[in-house]
Peer 1: 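Dumping the structure here so I can ask a few things about it.
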Amino acid sequence: MHWNKLERWEKIIFIVLCLLALFTRLYMLGDRVMSHDESLHTKYSWNLYAGQGYQHNPMMHGPLLFHVTALAYFLFGVNDFVSRLLPALAGVVLVLSPWLFRRWLGRWGTIVASLMLLLSPSISYYARYIRHDTFNMLMSVLLLWTVFNYLEKQEDRWLYRLGAFFSLLYTTKETSYIYTAIFGLLLFLPFARQVLAAAWVRPHLYRVFLGVLVLALLLGAAFGIALLGAQVEEQSLDEAGNTRAATAIIPLWGKIVAGLALIALLSAVGIGYLGVGETTLRALPLFDLLMAIGTLTLPLGSALIIRLAGVDMLKLYNAIVNSDMNALMGPDILIIGVVLF
């Protein structure tokens with residue numbers, strides 16, 4: 001919805017919301033003492049700004065925060081206010097983001113949504129905090145905006161934008177995996193309904209597809225039971241033990257069930273593709289979105305399969321960090337190569 005199409009009173013309300021968002025996000029922004037997390041984020045951002053470089057560390061989440069903060073230091077100087085400035089401005093954009101959804105939310109729905117984002121104590125708090133959360137939420141909202149627009153317009157440019165916001169989402173924080181699961185599930189459910197209701201070019205595969213899909217779901221549930229009974233061990237990622245990774249010790253039968261579930265799921269996808277037919281699938285916008293998100297997610301999800309295949313992830317982590325792939329065993333390299341391929 002273009003700005004010039006809004007009623008005058010709507011424009012006034014949005015201007016007021018923008019001013020209030022700026023005030024609540026920027027007022028006394030640099031006065032509060034830095035917390036533990038903030039001190040780490042400012043330190044690594046300053047290192048990058050000062051020319052000491054940047055190296056990704058899972059403990060510090062994604063790289064976006066450090067790069068934009070280093071840019072802010074370069075443009076405006078180094079102080080506590082500037083450290084929190086870009087997350088705060090992202091928080092202002094987040095408050096105004098419902099405007100992008102006006103044709104779906106309606107006039108009053110948009111205003112109420114913006115007002116709720118403005119007044120939310122938790123969203124306001126993190127917008128005044130040098131952490132990844134606000135960027136993470138904003139990229140998720142923008143990703144949702146591209147999904148809505150592609151479903152409505154079916155123009156390729158929205159898929160390109162989806163790819164851009166999806167990529168930026170994964171430069172923020174590991175909760176991006178949760179957002180991806182939410183998007184994937186909410187897009188898959190209506191897509192599955194459309195596939196089941198479509199006229200299959202090979203009708204004899206319909207029952208086979210249903211049987212294999214039910215098998216995949218049952219095997220997935222069994223793997224969930226295996227996870228519930230798994231033991232958790234902590235492993236240190238450095239000699240001092242300051243950074244640790246939690247590892248779930250899954251019983252062998254659980255790993256076998258997980259592999260069978262994956263095979264069944266992939267088989268269901270293949271059978272469904274052959275049964276419905278490419279022409280029918282290409283006519284479904286949900287198929288395009290799932291293919292785009294799925295293709296971008298597969299490399300990121302490969303670690304789960306590598307882990308279930310028995311590769312020592314701590315050894316893999318150290319080999320990558322130390323640029324010493326010779327530390328890996330031959331079978332580990334073979335598993336990694338097969339999964340990535």
Side-chain angles (χ1 to χ4, degrees), residues 17-100 114 117-118 120 122-146 160-180 183 243 296-297 299-300:
L17 286 171
C18 181
L19 293 175
L20 288 174
L22 286 168
F23 176 76
T24 56
R25 272 58 179 171
L26 297 179
Y27 177 66
M28 298 178 65
L29 186 62
D31 289 10
R32 191 181 75 251
V33 66
M34 287 285 174
S35 70
H36 170 72
D37 283 3
E38 288 185 301
S39 67
L40 292 174
H41 298 156
T42 53
K43 167 60 177 173
Y44 287 103
S45 298
W46 184 86
N47 286 348
L48 179 58
Y49 158 75
Q52 298 180 19
Y54 168 81
Q55 182 176 7
H56 173 66
N57 186 320
M59 184 179 69
M60 294 289 98
H61 307 299
L64 179 65
L65 178 69
F66 304 102
H67 286 75
V68 297
T69 305
L71 176 63
Y73 288 159
F74 175 76
L75 294 175
F76 307 114
V78 180
N79 56 61
D80 290 355
F81 179 90
V82 173
S83 296
R84 297 180 176 127
L85 178 60
L86 291 184
L89 293 178
V92 174
V93 176
L94 186 63
V95 169
L96 301 176
S97 63
W99 181 76
L100 298 172
S114 289
L117 289 169
L118 173 70
S120 169
S122 58
I123 291 178
S124 177
Y125 175 78
Y126 281 111
R128 296 172 55 84
Y129 201 90
I130 176 172
R131 272 178 54 115
H132 309 72
D133 306 84
T134 304
F135 293 114
N136 188 255
M137 290 185 286
L138 179 60
M139 294 307 163
S140 300
V141 170
L142 294 174
L143 181 60
L144 181 63
W145 175 55
T146 63
Y160 301 144
R161 292 171 182 176
L162 179 145
F165 292 132
F166 190 89
S167 302
L168 287 171
L169 175 67
Y170 272 89
T171 65
T172 58
K173 199 176 180 183
E174 292 76 10
T175 46
S176 304
Y177 287 96
I178 300 176
Y179 281 116
T180 302
F183 276 103
T243 306
L296 293 170
T297 302
L300 299 168

Peer 1: How far apart are the closest heavy atoms of T69 and S45, and which atoms are they?
Peer 2: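 In terms of heavy atoms, the two residues are closest at CB-OG, 3.4 Å.
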Peer 1: So do H36 and L40 actually touch side chain to side chain, heavy atoms under 4.5 Å?
Peer 2: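 Sidechains of H36 and L40: in contact.
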Peer 1: What do you reckon, are the aromatic ring centroids of Y170 and F166 less than 6.0 Å apart?
Peer 2: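 Centroid distance Y170-F166: below 6.0 Å, so yes.
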Peer 1: Where do T172 and L138 land on the side-chain contact (heavy atoms from CB on, under 4.5 Å) test, with the steps shown first?
Peer 2: CA-CA 10 Å; T172 58; L138 179 60; over 6 Å; no
Peer 1: Using atom types as modelled and distance alone, determine if a side-chain donor or acceptor of S140 lies under 3.5 Å from a backbone N or O of N136.
Peer 2: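 Side chain of S140 to backbone of N136: a pair is present.
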Peer 1: Under the rule for side-chain contact (heavy atoms from CB on, under 4.5 Å), what residues qualify as partners of T42, not counting sequence neighbours?
Peer 2: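 T42: side-chain contact (heavy atoms from CB on, under 4.5 Å) contacts with M34, Y73, S83, I130.
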Peer 1: Do side-chain atoms of S114 reach the backbone of V95 as a donor and acceptor pair under 3.5 angstrom?
Peer 2: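 Yes; at least one donor-acceptor contact below 3.5 Å.
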Peer 1: My understanding is that only residues two or more places apart in sequence, or in another chain, count here; which of them pass ring-ring contact (aromatic ring centres under 6.0 Å, His included) with Y126?
Peer 2: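 For Y126 the ring-ring contact (aromatic ring centres under 6.0 Å, His included) partners, ignoring immediate neighbours, are Y129.
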Peer 1: What distance separates Y179 OH from L169 CG, expressed to the nearest 0.5 Å?
Peer 2: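 Y179 OH to L169 CG: 8.0 Å, rounded to 0.5 Å.
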Peer 1: State, with a plain yes or no, whether a side-chain heavy atom of T134 is found less than 4.5 Å away from one of I123.
Peer 2: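 Heavy-atom side-chain distance check fails, nothing below 4.5 Å.
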Peer 1: Going by salt bridge (charged side-chain N to carboxylate O under 4.0 Å, His left out), name the residues that satisfy it together with R25, two or more places apart in sequence or in a different chain.
Peer 2: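 Listed in chain order: nothing, the list is empty.
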Peer 1: Between the side chain of R161 and the main-chain N/O of T146, is any donor-acceptor distance below 3.5 Å?
Peer 2: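 Answer holds: no.
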Peer 1: Would you compute the distance between atom CZ of F183 and atom CG of L144 and round it to the nearest 0.5 angstrom?
Peer 2: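 CG of L144 is found 4.5 Å from CZ of F183.
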Peer 1: With F66, which residues qualify under ring-ring contact (aromatic ring centres under 6.0 Å, His included), at least two apart?
Peer 2: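 Per chain and number, F66 pairs via ring-ring contact (aromatic ring centres under 6.0 Å, His included) with H41, Y54, H132.
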Peer 1: When you look at L300 and S176, which way does the side-chain contact (heavy atoms from CB on, under 4.5 Å) test go after all the steps?
Peer 2: CA-CA 11 Å; L300 299 168; S176 304; over 6 Å; no
Peer 1: Among all residues two or more places apart in sequence or in another chain, which pass the salt bridge (charged side-chain N to carboxylate O under 4.0 Å, His left out) test with D37?
Peer 2: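 For D37, the residues satisfying salt bridge (charged side-chain N to carboxylate O under 4.0 Å, His left out) (neighbours in sequence not counted) are R131.
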Peer 1: From D133 CG over to Y125 OH, what is the distance, rounded to the nearest 0.5 angstrom?
Peer 2: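 The OH atom of Y125 is 10.0 Å from CG of D133, to the nearest 0.5 Å.
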Peer 1: From L71 CG over to L86 CG, what is the distance, rounded to the nearest 0.5 angstrom?
Peer 2: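 So the gap between those two atoms works out to 7.0 Å.
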Peer 1: Taking the side chain as C-beta and beyond, is there a heavy-atom pair between V92 and L26 under 4.5 Å?
Peer 2: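 SC-SC contact between V92 and L26 ruled out.
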Peer 1: Taking only residues two or more places apart in sequence, or in another chain, which ones meet R128 in a salt bridge (charged side-chain N to carboxylate O under 4.0 Å, His left out)?
Peer 2: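 With neighbours one apart ignored, the set is empty.
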Peer 1: Could you grab the distance from atom SG of C18 to atom CG of L96, nearest 0.5 Å is fine?
Peer 2: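 C18 SG to L96 CG: 5.0 Å, rounded to 0.5 Å.
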Peer 1: To the nearest 0.5 Å, what is the distance between CE (M139) and OG1 (T171)?
Peer 2: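 One gets 6.5 Å once the value is rounded to the nearest 0.5 Å.
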Peer 1: So if I apply the side-chain hydrogen bond (donor to acceptor under 3.5 Å, both in side chains) rule between H61 and each of H56, E174, K173, which one comes out positive?
Peer 2: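 Checked H56, E174, K173 against H61; only one passes side-chain hydrogen bond (donor to acceptor under 3.5 Å, both in side chains): E174.
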Peer 1: Which atom pair, heavy atoms only, marks the closest approach of S97 to L117?
Peer 2: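 Between these two residues, the closest heavy atoms are OG-CD1, 4.2 Å.
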Peer 1: How close do A90 and F135 get, counting heavy atoms only, and between which atoms?
Peer 2: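 Looks like CB-CE2, 3.8 Å.
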